[in-house]
Amino acid sequence: MFNSFNLAELHLPPNLAELRQEVRDFIAEELKAGSFRRNPDGWDCWDEDFSRKVASRGWIGMTWPKQYGGQERTALERFVVSEELLMAGAPIRAHWLADRQFGPLLLAHGTEAQKQNYLPRIVAGEIFFCVGLSEPDSGSDLASIRTRAEKVEGGWRIEGRKVWTSYAHRAQMLTLFARTSPRTETGRHGGVSQLLVDLRNTPGLTVRPIYNLAGEHDFNELVFDGAMLPDDALIGTVDNGWAQISGELAHERSGPERWSNTYGVILSLLEEISPDPTRVQAEALGRLVSHIWTLHRMSFAIAGMLERGKTPDVEAALVKDLGNGFDQEVPAVARKVLSESMRAASPRRDELEAMLARAIYYAPSYTIRGGTKEILRGIVAKGLGLR
């Protein structure tokens with residue numbers, strides 16, 4: 001069935017400009033106080049103290065019901081706050097996953113006890129989550145996962161492995177995607193469920209570091225060897241995990257974090273070539289700036305769809321695919337721009353080269369995280385009736 005594709009222009013409420021300025025003032029105060037500085041890691045930096053500062057402003061769980069600690073604000077307001085923090089390179093990684101997708105997952109499918117237990121603590125910046133999806137032989141093909149959750153007396157026994165689990169060595173909780181029924185009996189997308197895992201108090205679970213190309217430890221391998229989870233670890237209903245995670249991925253794939261990973265490189269480049277760029281430099285940077293503005297408008301439109309209660313799977317997949325390509329394009333363009341610059345070494349030039357080096361190291365990963373480009377383009381093609 002053809003899926004109508006819609007990224008309509010939004011009429012922006014006047015309060016968004018005021019909120020954006022409020023966030024910018026907060027960022028300026030924190031920079032002046034020295035609580036953070038823009039560095040090559042950008043926003044992807046784990047800082048629990050800073051997350052609690054964001055929480056104190058009411059900027060975690062902004063759209064959630066007040067009964068769980070939320071502010072009942074709009075998806076557009078959340079977008080504005082998120083975009084400003086991301087673009088400033090603020091260290092918000094600690095609370096990011098819980099705020100972006102786990103909270104909405106619980107609100108849609110969790111029990112009342114789960115909501116009461118976790119949501120207020122997320123809003124307060126007291127508890128942090130990660131997500132267990134990919135496996136050694138699965139990657140973005142989540143339907144092929146083999147980690148098993150077997151119902152036994154007193155709970156669930158887990159056997160299997162997860163890889164590329166970001167910050168599992170620092171988070172307290174994991175949302176696990178596991179097979180609960182044989183694939184042959186339920187179809188390709190059936191027989192999978194989501195469960196809550198206490199990463200610090202679950203015997204039979206081992207967290208092993210995976211060092212990336214840059215020599216940094218953000219990824220992990222999780223090995224479940226007869227790990228036991230309680231009955232109430234189940235999120236939603238048994239074998240309904242695919243439908244649940246589809247809505248979750250719309251939140252994961254559409255936000256400004258999908259095209260802001262290399263924003264610090266762009267800002268440094270603009271400073272480097274000012275005030276007298278060559279024609280090649282001006283054209284290259286102009287192209288990047290126009291692309292990031294277009295991605296901003298597309299991503300903002302998706303926030304509007306979420307506000308209207310829609311699940312923009314196709315639109316989110318498109319934005320993530322374009323964002324991935326953009327984040328990989330930036331370091332290539334930066335190298336071209338710098339090749340025309342004869343400026344001597346300086347602290348500012350050293351900072352730019354450090355940001356560029358990290359962007360080059362991380363560029364291959366952008367077309368893998370949250371779904372490969374083949375998976376994303378397949379979603380778009382199917383949604384547009386092309387397959």
Verdict with supporting geometry, K310 and E315, salt bridge (Lys or Arg N to Asp or Glu O under 4.0 Å) = CA-CA 11 Å; K310 298 183 180 298; E315 292 85 352; over 6 Å; no
Pair Y68, L107 - check side chain to side chain contact (heavy atoms under 4.5 Å, CB included), show working.
CA-CA 10 Å; Y68 304 121; L107 287 169; 3.9 Å; yes
Assess the residue pair R73 and R78 against the criterion (side chain to side chain contact (heavy atoms under 4.5 Å, CB included)); give the C-alpha distance rounded to whole Å, side-chain angles, the decisive distance to 0.1 Å, and a yes or no.
CA-CA 7 Å; R73 302 182 77 165; R78 182 191 179 275; over 6 Å; no
> Yes or no on side chain to side chain contact (heavy atoms under 4.5 Å, CB included) for L97 and Y167, after CA distance, side-chain angles and deciding distance?
Replying inline: CA-CA 10 Å; L97 281 177; Y167 294 102; over 6 Å; no
task = Starting from the C-alpha separation in whole Å, work towards a yes-or-no answer on side chain to side chain contact (heavy atoms under 4.5 Å, CB included) for R349 and L338.
result = CA-CA 10 Å; R349 178 70 177 239; L338 286 176; 3.8 Å; yes
Let's go through R93 and D41 carefully: what are the C-alpha distance in whole Å and the side-chain angles of both, what is the deciding distance for salt bridge (Lys or Arg N to Asp or Glu O under 4.0 Å) to 0.1 Å, and is it a yes or a no? CA-CA 10 Å; R93 190 61 168 83; D41 293 351; over 6 Å; no
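Heavy-atom neighbours of K115 NZ from other residues, nucleotides or ligands within 6.0 Å: above the threshold of 12. Residue-environment remark: CZ (R146) stays at or below the threshold of 12 foreign heavy atoms within 6.0 Å. Within a 6.0 Å radius of CG in D276, other residues, nucleotides and ligands contribute 12 heavy atoms or fewer. Taking a 6.0 Å sphere around NZ of K151, one finds it holds more than 12 heavy atoms contributed by other residues, nucleotides or ligands. Within a 6.0 Å radius of CZ in R52, more than 12 heavy atoms belonging to other residues, nucleotides or ligands are found. The number of heavy-atom neighbours closer than 6.0 Å to OH of Y361, taken from other residues, nucleotides and ligands shown, is 12 or below.
Following chains of ILVMFWY side-chain contacts shorter than 4.5 Å, one can reach V123 starting from W96, so the two form part of one hydrophobic cluster. One hydrophobic cluster, built from ILVMFWY side chains closer than 4.5 Å, holds both L195 and F224. Both I273 and I292 sit in one connected hydrophobic cluster of ILVMFWY residues. Membership requires side-chain heavy atoms under 4.5 Å apart, directly or through other members.
Using the six-membered ring where Trp is involved, W164 and F219 have ring planes that are perpendicular, over 60° apart on the 30 and 60° scheme. Using a 30° and 60° split on the angle between ring planes, H296 and F300 fall in the tilted class, from 30° to 60°.
Listed for the E83 side chain is no donor-acceptor partner under 3.5 Å among the backbone atoms of P256. Remark: side-chain polar atoms of Q21 are not paired, donor with acceptor, to backbone N or O of E18 under 3.5 angstrom. At distances below 3.5 Å, at least one donor-acceptor pair connects side-chain atoms of R200 with backbone N or O atoms of R170. Of the possible polar contacts, none joining the E159 side chain to the D225 backbone as a donor-acceptor pair under 3.5 Å is found. When atom types are taken as modelled, the side chain of N220 and the backbone of T165 share a donor-acceptor pair closer than 3.5 angstrom. Judged by distance alone, the side chain of D47 and the main-chain N or O of P91 form no donor-acceptor pair under 3.5 Å. Formation of a donor-acceptor pair under 3.5 Å by the T147 side chain with backbone atoms of R161 is found in this model. For Q67 (side chain) and Q116 (main-chain N/O), no donor-acceptor pair under 3.5 Å exists by modelled atom type. At least one donor-acceptor pair under 3.5 Å links the side chain of S290 to the backbone N or O of R287.
To the nearest 0.5 Å, the span separating OG1 on T175 from CD on Q194 amounts to 6.5 Å. Atom CZ in F50 sits 10.5 Å away from atom SG in C45 (nearest 0.5 Å). Distance check, rounded to the nearest 0.5 Å: CD of E150 to CE of M228 gives 9.5 Å. One finds the OG1 atom of T294 at 9.5 Å from the CG atom of L322 (value rounded to the nearest 0.5 Å). Taken to the nearest 0.5 Å, the CG atom of L106 stands 6.5 Å off from the CZ atom of F129. The structure places CD of E307 at 5.0 Å from OG1 of T74, a figure rounded to the nearest 0.5 Å.
For the residue pair Y362 / E216, a side-chain donor-acceptor distance below 3.5 Å is found, with atom types taken as modelled. Between the side chains of N15 and E77, at least one donor-acceptor pair of N or O atoms lies under 3.5 Å. Side-chain polar atoms of S166 and D218 form no donor-acceptor pair below 3.5 angstrom. Side-chain atoms of N324 and Q328 form no donor-acceptor pair, as typed in the model, at a separation below 3.5 Å. Looking at W242 and Q244, their side chains never bring a donor and an acceptor atom within 3.5 Å of each other.
Inter-residue side-chain proximity for V197 and W156 is flagged as unmet; no heavy-atom pair is nearer than 4.5 Å. Taking the side chain as every heavy atom from C-beta outward, I302 and F79 never approach each other to under 4.5 Å. Counting heavy atoms from C-beta outward, L174 and L196 have side chains that stay 4.5 Å or more apart. In this structure the side chain of Y118 reaches within 4.5 angstrom of the side chain of M173, judged on heavy atoms. V223 is not listed as a side-chain neighbour of L205, based on a closest heavy-atom distance of 4.5 Å or more. Considering only heavy atoms from C-beta on, L356 comes within 4.5 Å of R335 through its side chain. No side-chain heavy atom of V330 sits less than 4.5 Å from a side-chain heavy atom of W259.
For the pair V163 and P136, the tightest heavy-atom approach, listed with the atom from each and the gap, is CG2-N, 3.8 Å. Annotation for P312 and M305: closest pair CB-CE, 3.7 Å, computed over non-hydrogen atoms. Closest approach of H95 to S51, counting heavy atoms only: ND1-OG, 2.8 Å. The two residues S193 and D239 come nearest to each other via the heavy atoms OG-N, 2.7 Å. Of all the heavy atoms in Q172 and F128, the pair that sits closest is OE1-N, 2.7 Å. Nearest heavy atoms, T180 versus A149: CG2-O, 3.6 Å.
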For residues 27-35, which side-chain donor-acceptor pairs fall under 3.5 Å, sequence neighbours excluded?
| from | atom 1 | to | atom 2 | distance (Å) |
| --- | --- | --- | --- | --- |
| E30 | OE1 | S35 | OG | 2.6 |
| E30 | OE1 | K53 | NZ | 3.0 |
| S35 | OG | E30 | O | 3.2 |

Run the side-chain donor-acceptor check on residues 261-270: report pairs under 3.5 Å with partners two or more places apart or on a different chain.
| from | atom 1 | to | atom 2 | distance (Å) |
| --- | --- | --- | --- | --- |
| N261 | OD1 | W43 | NE1 | 3.4 |
| N261 | ND2 | E257 | O | 3.0 |
| N261 | ND2 | D327 | OD2 | 2.8 |
| T262 | OG1 | D327 | OD1 | 2.9 |
| S268 | OG | G264 | O | 3.1 |

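Cation-pi geometry between R100 and W59 is not met at under 6.0 angstrom from the ring centre and within 45 degrees of the axis.
Comment: K162 engages E135 in a salt bridge, judged by a side-chain N to carboxylate O separation of less than 4.0 angstrom. R57 and E22 are joined by a salt bridge, as a carboxylate oxygen and a charged side-chain nitrogen come within less than 4.0 angstrom of each other. Electrostatic pairing of E283 and K336 does not count as a salt bridge here, judged by no charged N lying under 4.0 Å from a carboxylate O.
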